[in-house]
Novice: 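One structure, pasted below without further comment.
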Amino acid sequence: MSAAPTPALPDERLAAGAARLATRHAGRFSAETVTGRLADSYRSLTETASVTAHLVVLSERFTAERLDALAHVQGTPGSGPVRVLFVCRHNAGRSQLAAALLQHRADGRVTVSSAGTHPGPGIEPHIAQVLTEAGADAADAFPKPLTDEVVQAADIVITMGCGDACPVMPGRRYLDWPVPDPDGAPIAVVRAIRDDIDRPVTDLLAGLPSA
């Protein structure tokens, strides 16, 4: 039987990223798997992004996250750092705040992801500013769609205003944090929302294994 053809990339500039990802995952995933995920990531981001200038770079980063999650699922689930996934509707405010704050406070103890059930076109105004004020970093954050690999790889899934849109996988710990949406809010309100999120982030981290 002949090998499956390599999926066509929707933008020829993605080829270099596909080669980098294939090299990184040599022996784990085929070039066809890598290219297929990259093409799918690019198409998904293209559907929602308001600024397309950096979509090639963002697609490679998004695909790297998806492949890392898939490798975890196919490898030894439950091993390594605890994996926490934050989900809100647009992945433009609350889930980005929570992910950046946990990443900042965890100091490598946790693998953190975020996603949106209906990702928005860009990060909400003031999000990067209030995170910088707290010592966290979301300069490179961008809205991403929720994918099966990332959900399957998560140990803890925290929903933030997305209702029942997040798929429920057996064996995961699910939490719901009722936090106001910062969409269009003034900077003072966004700071208060950040602080409201930081408290359960700190409590969550305190309850996780230390190693």
Side-chain angles (χ1 to χ4, degrees), residues 41-42 44-66 68-69 81-147 150 154 156-163 165-166 175-208:
S41 296
Y42 181 84
S44 296
L45 294 180
T46 301
E47 290 175 358
T48 58
S50 59
V51 179
T52 60
H54 305 295
L55 277 183
V56 170
V57 173
L58 296 182
S59 297
E60 183 177 349
R61 286 171 45 196
F62 182 31
T63 304
E65 182 177 329
R66 295 178 66 183
D68 175 71
V82 173
R83 303 177 73 98
V84 178
L85 169 64
F86 293 98
V87 184
C88 68
R89 182 171 174 81
H90 298 304
N91 192 215
R94 289 167 288 188
S95 58
Q96 294 286 358
L97 286 169
L101 289 168
L102 180 57
Q103 188 77 52
H104 172 61
R105 304 207 181 286
D107 194 27
R109 288 174 49 198
V110 181
T111 298
V112 185
S113 299
S114 69
T117 56
H118 298 82
I123 301 299
E124 294 293 340
H126 306 316
I127 295 299
Q129 179 179 340
V130 301
L131 286 170
T132 299
E133 292 170 357
D137 181 17
D140 296 327
F142 61 99
K144 302 176 293 296
L146 188 64
T147 62
V150 176
I156 302 172
V157 179
I158 300 174
T159 57
M160 309 176 77
C162 61
C166 182
L175 302 171
D176 184 67
W177 291 357
V179 179
D181 189 347
D183 183 13
I187 186 67
V189 173
V190 179
R191 287 191 182 107
I193 292 172
R194 174 203 60 197
D195 295 342
D196 285 344
I197 292 173
D198 201 19
R199 285 185 282 272
V201 162
T202 301
D203 292 343
L204 174 71
L205 188 57
L208 297 179

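Everything numeric in this text was worked out from a predicted model, so none of it was measured. Every heavy atom of this structure was used, including side-chain atoms; hydrogens, water molecules and symmetry mates were not.
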Novice: Checking N91 side chain against K144 main chain: does a donor-acceptor pair fall under 3.5 Å?
Specialist: yes

Novice: Start with the C-alpha gap between D68 and R83, add the side-chain angles, then the distance that decides, and say whether salt bridge (Lys or Arg N to Asp or Glu O under 4.0 Å) holds.
Specialist: CA-CA 11 Å; D68 175 71; R83 303 177 73 98; 2.9 Å; yes

Novice: When rounded to the nearest 0.5 angstrom, what is the spacing between CG in L97 and CZ in F86?
Specialist: 10.5 Å

Novice: If every non-hydrogen atom of R94 is compared with every non-hydrogen atom of P182, which pair is closest and at what distance?
Specialist: CG-CD, 3.7 Å

Novice: Locate the shortest heavy-atom distance separating Q96 from F142; write the atom from each residue and the value.
Specialist: NE2-O, 3.2 Å

Novice: Out of curiosity, R61 CZ to D140 CG, how far, rounded to the nearest 0.5 Å?
Specialist: 4.5 Å

Novice: Write down the atom of D176, the atom of G161, and the distance for their closest heavy-atom approach.
Specialist: OD1-N, 4.2 Å

Novice: CG/D198 to CD1/I193 distance, rounded to the nearest 0.5 angstrom?
Specialist: 13.5 Å

Novice: Under 3.5 Å, is there a donor-acceptor pair between the side chain of R191 and the main chain of E133?
Specialist: no

Novice: Donor-acceptor pair, R66 side chain versus T147 backbone, under 3.5 Å?
Specialist: no

Novice: Kindly compute the distance separating NE2 (H126) from CZ (R194), expressed to the nearest 0.5 Å.
Specialist: 12.5 Å

Novice: Looking only at heavy atoms, what is the nearest atom pair of V201 and L101, with distance?
Specialist: CG1-C, 4.1 Å

Novice: Can you give me the closest heavy-atom contact between A141 and I123, atom names plus distance?
Specialist: O-CG1, 3.5 Å

Novice: Rounded to the nearest 0.5 Å, what's the gap from CG on L146 to CG on L85? Could you check?
Specialist: 6.0 Å

Novice: So does L175 get a backbone contact from the side chain of T159, meaning a donor-acceptor N/O pair under 3.5 Å?
Specialist: yes

Novice: If you define the side chain from C-beta out and look only at heavy atoms, does anything of P145 sit under 4.5 Å from L45?
Specialist: yes

Novice: Give a yes or no on whether D107 atom CG has more than 12 heavy-atom contacts from other residues, nucleotides or ligands under 6.0 Å away.
Specialist: no

Novice: Find the distance between OG (S59) and CG (L55) and round it off to the nearest 0.5 Å.
Specialist: 5.5 Å

Novice: So V110 and I156, side-chain contact (heavy atoms from CB on, under 4.5 Å) or not? Walk me through it.
Specialist: CA-CA 11 Å; V110 181; I156 302 172; over 6 Å; no

Novice: Side-chain contact, heavy-atom cut-off 4.5 Å: L208 with L205?
Specialist: yes

Novice: C88 and M160: which non-hydrogen atoms are nearest, and at how many Å?
Specialist: CB-O, 3.2 Å

